[in-house]
Student: 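Got a structure for you, questions after.
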There are 2 protein chains.
Amino acid sequence: MAYGTTLAALADPTRRAVFERLRDGPKSVGEVARTLPVSRPAVSQHLKALKVAGLVSDRAEGTRRVYAIDPQGVGELRHWLDQFWGDALTAFKHEVELGEPPRRRKKP
Amino acid sequence: MAYGTTLAALADPTRRAVFERLRDGPKSVGEVARTLPVSRPAVSQHLKALKVAGLVSDRAEGTRRVYAIDPQGVGELRHWLDQFWGDALTAFKHEVELGEPPRRRKKP
DNA sequence: TTGTTCCGTAAGCCATGTCTTACGGTAAGT
DNA sequence: ACTTACCGTAAGACATGGCTTACGGAACAA
């Protein structure tokens, strides 16, 4: 259930905004906080949650701390999602919408 | 930002358990509730949230109501995740871990 | 050493969301 | 008509989680 932490991390809108700020390259905490309507400690807490979830990685650069997206966490989430992406599920959906299985045996 | 609702829907553990119960085929509300440690109204509310998020679809079958996984919501989430799955991001991660860009210009 | 900049953490307030019980409504059977 | 089975919604109690301010530590410069 590692994807539980990952999904919870991406559920919050502000935290997702922090995550998306890192899409075009690594950034420090202050750089991200300046582009968001929340305080810097809030961004720091969000980055910690993203790190625990395996979505970002950090590195010390002097007194600054640079964060970047870690594709591993994204990959695990993708892999979990594929369980619900099969052809059988599409068939199930049609079965529910039509009210009958695709192949009918009798007709009342 | 349609994926916001989708991510929020999958963030809750109980709701995710409801979603996973539908992985091996459509089920009614009572059938799902019997296999979970929560009440039936709770399951009903979770299924409503999953429906709004585009993750499940429902159909009336007599007095029962059958729910099934809707691959569309899963697909949208996958598509959003692909933004953070590129090669450039992997390069960014290495840049952060190594402390230097792959190609160094000078050496102090 | 002093000062500055950058950051993480703790404590508290407050909003959000989940669960329960209670109720009403629809469909099928007797 | 009456009963049973199944479901959705409302209201309230309760826990969870995000945000802020305040504080302390680490690195670089003068």
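Numbered from 1 within each chain, the chains take letters A, B, ... in sequence-line order.
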Student: Return the minimal non-hydrogen interatomic distance between B:V66 and B:P26, and the atom names on each side.
Tutor: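 Here B:V66 and B:P26 meet closest at CG1-CB, 3.6 Å.
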
Student: Just how far, in rounded Å, is P of C:dT26 from CG of B:D58?
Tutor: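 To the nearest whole Å, that distance equals 17 Å.
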
Student: Check every atom of C:dG8, C:dT5, C:dT20 against the side chain of A:T63 and return the nucleotide holding the closest atom.
Tutor: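 In terms of side-chain proximity for A:T63, the closest of C:dG8, C:dT5, C:dT20 is C:dT5.
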
Student: What contact category does B:R40 fall into here, base, sugar-phosphate, or nothing, at under 4.0 angstrom with non-hydrogen atoms?
Tutor: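 Base contact - B:R40 has a heavy atom under 4.0 Å of at least one base atom.
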
Student: Taking the nucleotide of DNA chain D with the nearest heavy atom to each, does B:K48 or A:P37 sit closer to the 5' end?
Tutor: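 Mapping each residue to its closest nucleotide by heavy atoms, the 5'-most match is B:K48.
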
Student: A:H46 NE2 to C:dC7 C1': how many Å, rounded?
Tutor: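 These atoms are roughly 16 Å apart.
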
Student: I need the minimum non-hydrogen distance between B:A17 and B:L36, along with the two atoms involved.
Tutor: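 Shortest heavy-atom contact: CB-CD2, 4.0 Å.
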
Student: Going 5' to 3' along DNA chain D, which are the first and last nucleotides with any atom under 4.0 Å from a heavy atom of chain A?
Tutor: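 Listing 5' to 3', DNA chain D meets chain A from D:dG18 to D:dC28.
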
Student: Is there a side-chain polar atom (N or O) of B:R15 under 4.0 Å from OP1 or OP2 of C:dT18?
Tutor: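 True: B:R15 side-chain N/O within range (under 4.0 Å) of C:dT18 OP1/OP2.
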
Student: Between A:R78 and B:D82, does at least one N-O distance fall below 4.0 Å, as a salt bridge requires?
Tutor: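 B:D82 and A:R78: salt-bridged.
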
Student: Please report the shortest heavy-atom distance between B:V18 and B:L50, naming the atom on each side.
Tutor: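 Closest pair (atom of B:V18, atom of B:L50, distance): CG1-CD1, 4.1 Å.
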
Student: Between A:D24 and A:R21, does any NZ, NE, NH1 or NH2 come within less than 4.0 Å of an OD or OE carboxylate oxygen?
Tutor: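 The answer is no: the pair does not qualify as a salt bridge.
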
Student: Side-chain N or O of A:Y67 versus OP1/OP2 of C:dG8: is the shortest distance under 4.0 Å?
Tutor: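 Answer yes for this pair, as a side-chain N or O of A:Y67 is under 4.0 Å from OP1 or OP2.
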
Student: What I want to find out is whether A:R23 reaches A:E20 closely enough, with some N-O distance under 4.0 Å, to be called a salt bridge.
Tutor: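 No, no charged N to carboxylate O under 4.0 Å.
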
Student: Provide, to the nearest angstrom, the distance between the CD atom belonging to B:Q45 and the C1' atom belonging to C:dT21.
Tutor: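 Going from B:Q45 (CD) to C:dT21 (C1'), I get 11 Å.
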
Student: Just to confirm, is there a sub-4.0 Å distance from OP1 or OP2 of C:dC7 to any side-chain nitrogen or oxygen of A:S28?
Tutor: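 Yes, because at least one side-chain N or O of A:S28 sits under 4.0 Å from OP1 or OP2 of C:dC7.
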
